[in-house]
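So you know, we letter chains A, B, ... as the sequences are listed, proteins then strands, and number each from 1.
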Amino acid sequence: MAGLEDLYKEIVIDHYRSPRNRGELETPPAQHAEGLNPLCGDEVHVYVQVEDEVITEVAIGGQGCSISQASASMMSAAIKGKSLAEVRELSTAVKSMMSIHEQSLEDDDSGVLPEPPEVELGDLEALKGVVKYPVRIKCATLGWNTLAEALQS
Amino acid sequence: MSDAGQPTLDTAAVRADFPIFDGPVNGRELVYLDSSGTSQKPRQVLDSMHAFYVEANANVHRGAYYLSDQASRRMEGARTKVARFIGATEAEEVIFTKNATEALNLIAASWGRANLQAGDAVVLTVIEHHANIVPWHMLAAERGIELRFIGIGEDGHLDLSNLDTLLDGAKLVSFTAMSNVLGTLTPVARIAEAAHAAGALVAIDACQYVPHLPTRLADLGVDFMAFSGHKMCGPTGVGVLWARREILEAMPPFLGGGGMIANVTLDGFTTAELPHKFEAGTPPIAEIVGLGAAVDYLDGLGMEAVRRHEVELTSYFLRTIKERHGDDVTVHGPSEPSERGGVFSFEYKDVHPHDLSQVLDEHGVNVRAGHHCAKPLMKELGVGATARASLYIYNNESDVDRLVEALDDASDLFSF
Ligand SMILES: Cc1ncc(COP(=O)(O)O)c(C=O)c1O
């Protein structure tokens, strides 16, 4: 519908309808964290199995709005098989994709264009539209924040 | 309540009093359906606050000078208006707080600490706003009091079948007079009577009640009542605790500081008379004046008419949304308009409330999505969140139509 296509990109809706890597992993060996958005009740559960600094398995559970669930699904697809260093870079790139735009909105006439992220974001780029809807940034980053917690646990 | 032939509201005239409806908001005509969150403010309220600042601004109860006296008079005038509005017998029983949340915390922290010991029971309900749960959890952690909960039964009503058991040995029953999620009007007088018979005091969270129904304390029969100014056309920053004089007099003060003392020495202090005993520090004077103007405004409309309008629009809402969307929509709470207020938590197909409210916003339709500060109730309902539309004096049938139509778009985008 008019106006919302930036937010609800086809690929985002696709991940919401058919979430990837849905399920649970046995803990241990997997690590696990549950993220909660206290404002709206969105929940994302992240399970990751790490072997030799590489994420070999990932599973996602939880419930919530399209943005929180699609973002977690896209994240799971993006991090599977990646090294922890690569995952950290991805996470930073995704978050800065959102906050870079926040800054450029606040500071319109600076003339400085946001730096393109150096990491290949692939499908994750589709979440860029979220920056126009500040309330939803928390939904979009919930999966990534929960992943960070799972990796620390 | 909806007696045929009785005057209801002229919503066009009401809307004209609210500047926010003058122009487009974010480029769209505003359909404001979140008055349970906070109401919009009429010009009369905004003007009264402006007038206070330009004509009478000074601190209150401080100086012998003219301006300070003017400020005090306006503030105390507002107290008298609020007292009359709720049917209090004395203005001194009206304590101004920051909001209903602070009023409920005041009950728990002051009355609760002075009167409750380990093992004492406080009875709440599962439909409470967090503001009437967390202060009691805090006291339970500190004092070891027992919390008991009235459950939810048929059609969004409280389940009172085990009320006598719950009340046995209870010291206080504290519950909402109208649910901010389900719209349920609870049987306040009946619960109050049973509680008193069991030797317990009664507090109500009237946040959603006072703005929407004629409030007669004598009929409600409660001992404490809390509500917020900003949900009844008043400004943010001011709320009310009402309680019976004997209870307030026996309670220790809540916050300490200026304004609440009779005398202070290096060894201690004595407290001021009511209501000042509970109003430490400079109060939100302009906001209190604004609340007084809000009460005048609602009195001008007539609370009977306000309630009739809401019952009529509630009937229209329930009928229209069902006619258009049938089983695709579930509205929580009582199905009988006379047993509820105009607050509707609803589900639409499988569309998540967040997505629903985003799509509706695209049509200028403002509804809230989330747990509405009632997480235990969400759990009872078996949902993580709901979308919530709520009505007030400026809403009309066209607002309901716009919401009902906009739902189709959510369906196009999300049904699968
Ligand atoms: C039933 C109920 N109780 C308490 C509150 C808290 O009100 P406030 O945030 O103004 O203190 C609200 C408002 O959200 C409410 O609806």
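- More than 12 heavy atoms of other shown residues, nucleotides or ligands fall within 6.0 angstrom of atom NZ in Lys322(B).
- For the pair His354(B) and Cys65(A), the tightest heavy-atom approach, listed with the atom from each and the gap, is CB-CB, 3.4 Å.
- With chain B as partner, the option from Arg136(A), Gln69(A), Gln63(A), Glu43(A) having the largest number of non-hydrogen pairs under 4.5 angstrom is Arg136(A).
- With respect to chain A, the highest number of heavy-atom pairs below 4.5 Å among Lys375(B), Gln358(B), His372(B), His371(B) belongs to Gln358(B).
- In this structure, the side-chain contact (heavy atoms from CB on, under 4.5 Å) partners of Glu53(A), at least two apart in sequence or on a different chain, are Leu84(A).
- Surrounding CD of Glu142(B) are more than 12 heavy atoms belonging to other residues, nucleotides or ligands, all under 6.0 Å away.
- Using modelled atom types, one side-chain atom of Asp355(B) and one backbone atom of Ser66(A) make a donor-acceptor pair closer than 3.5 Å.
- The two atoms that bring Val359(B) and Tyr8(A) nearest to each other are CG2-CE1, 4.2 Å, heavy atoms only.
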